[in-house]
Amino acid sequence: MSTIRGSVFQDLNGNSFFDLGEGLPNITVFLDDNGDGLPGDLEQIRLTDFNGEYSFADLAEGSFTLDQVTPPGFNEPVGVPISLATTGDPNERIDINILNTNLTPPSTPAPTTGVIRGSVYVDNNRNEIYEPFGDLGEPTLADGFPDATIYIDLNNSGFREPSEPFSEPNEAGFYFFGDLPPGSYLLRAELPRGFELLGDNPIVAPVAAATVNELNIPVIDPDSIYGRVIRDLNGDGLPQPSEPGQAGIDLEIIGEDGINVVATTTSDDNGFYIVSNLNTEIPGSDDPQNPFAEYISRTEPERFARDFVVNFDVGLPSSAYIFTSPVPPVGEFPGEIGATVPPDWSRQVNSTLVFNPAGTVLPVPDSIAGVVFNDLNANSLLDTDPVTGLPDGPLAGATVYIDLDDDGELGGDEPSTTTDFNGNFIFTNLSATLPIDPLTGFAATEDTYVVRVEPTDIQENLTTPIPAITLADGEAAQVTLGLSSVVPFPPGNQFAQEGGGINPDSLIPVRGFDPLVLAAPTPVFTPTPIV
């Protein structure tokens, strides 16, 4: 019985012969019995191996047509299909190599148009240089900011006509105009209220054929502090593009005296806020008798800038919100972040936080209360799993203790309790961790109550952060502690560490609050017990 064999190859060295390394693998080669040029179900079909080789063995005496399926990117090989005759002799070997050559790429005409593109960014220091990194952290007008529109003012009217090209910055703050004939274009911006364009207005943007004009557009709301309050899904204290904003957070802007509130606002649905028209004037900078006026106002403005504190007031109970930035806080407590604003400049102040609901025990003075729950999906939140539909339930009989020496173990002299059937616990008659010196009126020392929960036989994994609670005299705190049979692992749990689990040495600061100012009981989330 005869054999037809050979290689399907690409002639890389141009010598018109098959050489090692030139084989094309996985090419369909077949004996075309019906002459239709396609491999059929009843026809003999082979795939070339990794060397590009194929073989048809045990062929009887007769006539055959050898063909291949030409791979994409190649021309039809010359001389294929090939008509062959076999004698049926078992010693007969017919060698046929099939040469495939690449298609000639089509010629691409030279482009006749150009592109204008770039970022629309907040130029905090008004130097018209985009500085996205460093202390300034100049952001683009992207997620969270009010909408902006860049347009080409074809008739130089100062208004956007319906027929004029426009571009809204995308989620990364970039705008784009393509397929523009060569020429000079006028760019204008429709900006959020309070913002203004820096530099030329309109912006002259030349375009040449086959070129890209990278043009970043600086804008500013002078004398402002702005930013986002962000739900910190991974607990790292850094804003990430994928992390959502937190709406409804009240903010106070406190003056350089650290006491007087100069402005208030609330974060919107995207977590964005902005406070404009702050008093940033430097006393004496414009005094004609001041020999350093030029130096103060132009050379080193930050040295003589006004200081403000952005206080993120999360309401009551404040321990339901845990701030993860900045670390350590600039202010006296978590949620207070300092900002320095020179005249006519702006500053971005972002804050990251996580939210855990408090327990069902109403707070009383000098107490720490909360709930321990069975965190079925180990995501650190007392919630219902959106996949399984199962709600987290209270964990009764769990041991909770105040770790006075912070060694991670329940000592004989350390306060402890067990949770009731609703998973609740409370410690009362606690001393303040911020004792006030009667002579100075300030806290003489600062300490914390570290609250821990012991794992159970089934729920052996901690899924929530370990609170370190600061209590002033008469204050209370509420915390939520989760245990699970599932090992927490990112990204489902924002506090989980790589490799699973919660770092037992990572303490999250929690400030106590005054329970007596509650006009009415605070609504709480009572989990449905799992039957």
Side-chain angles (χ1 to χ4, degrees), residues 108-227 272 274 276-277 280 294 297-302 341-348:
T108 303
T112 59
T113 60
V115 169
I116 301 174
R117 68 185 183 190
S119 302
V120 186
Y121 69 98
V122 182
D123 191 12
N124 286 328
N125 60 359
R126 306 180 68 96
N127 66 353
E128 300 183 33
I129 300 174
Y130 182 29
E131 300 164 285
F133 306 107
D135 295 336
L136 290 175
E138 296 179 335
T140 58
L141 288 189
D143 184 34
F145 277 86
D147 293 334
T149 301
I150 307 300
Y151 67 97
I152 298 177
D153 193 358
L154 296 177
N155 59 5
N156 196 18
S157 66
F159 300 95
R160 178 162 65 96
E161 310 292 346
S163 59
E164 291 177 332
F166 68 93
S167 175
E168 296 178 348
N170 65 9
E171 64 276 3
F174 294 105
Y175 73 93
F176 179 87
F177 294 101
D179 295 327
L180 297 174
S184 185
Y185 295 87
L186 300 179
L187 298 188
R188 295 186 187 271
E190 293 178 346
L191 299 174
R193 180 179 177 183
F195 281 86
E196 62 187 44
L197 191 67
L198 292 178
D200 296 334
N201 188 10
I203 302 169
V204 180
V207 171
T211 62
V212 175
N213 188 350
E214 294 280 355
L215 191 61
N216 294 326
I217 299 178
V219 302
I220 194 172
D221 183 346
D223 304 319
S224 69
I225 295 176
Y226 65 92
F272 181 79
I274 187 166
S276 305
N277 302 317
T280 61
E294 185 75 10
S297 60
R298 296 195 180 182
T299 309
E300 247 187 292
E302 285 195 89
V341 186
D344 297 327
W345 287 24
S346 62
R347 281 291 190 230
Q348 179 188 21

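FYI, side chains are in, hydrogens and waters are out, and symmetry mates aren't considered; it's all heavy atoms of this structure. Keep in mind that this is a model prediction, so the values were computed, not measured.
- Note on ring orientation: taking the six-membered ring where Trp is involved, the planes of F272 and Y226 are tilted (angle from 30° to 60°).
- The two residues L154 and P165 have their closest heavy-atom pair at CD1-CD, 3.9 Å.
- Taking the side chain as every heavy atom from C-beta outward, L197 and V219 approach each other to under 4.5 Å.
- Environment of CG in N156: crowded, with over 12 heavy atoms of neighbouring residues, nucleotides or ligands closer than 6.0 Å.
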Checklist line | side-chain contact (heavy atoms from CB on, under 4.5 Å) assessment of N155 paired with E161 | finding: CA-CA 9 Å; N155 59 5; E161 310 292 346; 3.7 Å; yes
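- The line from CG of L141 to CG of N170 is 11.5 Å long, rounded to the nearest 0.5 Å.
- Distance CD/E138 to CD1/I129: 9.0 Å, rounded to 0.5 Å.
- Residues A189 and Y151 come closest through the heavy atom pair N-CE2, 4.2 Å.
- Between the side chain of N216 and the backbone N or O of S119, at least one donor-acceptor pair lies under 3.5 Å.
- For the pair A209 and P111, the tightest heavy-atom approach, listed with the atom from each and the gap, is CB-O, 3.9 Å.
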Dump the intermediate steps for side-chain contact (heavy atoms from CB on, under 4.5 Å) on V120 and Y175, then the final yes or no.
-> CA-CA 7 Å; V120 186; Y175 73 93; 3.8 Å; yes
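- P218 and E128 get closest at one heavy-atom pair: CG-CG, 4.2 Å.
- Heavy-atom minimum distance, A142 versus A172: CB-C, 3.8 Å.
- In this structure, the side chains of V115 and F176 come closer than 4.5 Å at one or more pairs of heavy atoms.
- We find the CZ-OH distance between F145 and Y121 to be 13.5 Å, quoted to the nearest 0.5 Å.
- In this structure, the side chains of P222 and E196 come closer than 4.5 Å at one or more pairs of heavy atoms.
- Contact annotation: the side chain of I152 approaches that of L180 to within less than 4.5 Å [non-hydrogen atoms, C-beta and beyond].
- Nearest heavy atom pair, residue D223 against residue P343, reads OD1-C, 3.7 Å.
- Residues W345 and T280 fail the side-chain proximity criterion, which asks for heavy atoms closer than 4.5 Å.
- Residues F195 and V122 form a side-chain contact, since some pair of their non-hydrogen atoms from C-beta on lies under 4.5 Å apart.
- The CD1 atom of I150 sits 10.0 Å away from atom CD of E168, with the distance rounded to the nearest 0.5 Å.
- At most 12 non-hydrogen atoms from other residues, nucleotides or ligands lie less than 6.0 angstrom from CZ of F166.
- D200 CG to L186 CG: the interatomic distance, rounded to the nearest 0.5 Å, is 10.5 Å.
- A distance of 5.0 Å separates CZ in R126 from CG in L198, rounded to the nearest 0.5 Å.
- Side-chain contact, S346 with D221: no donor N or O sits under 3.5 Å from an acceptor N or O.
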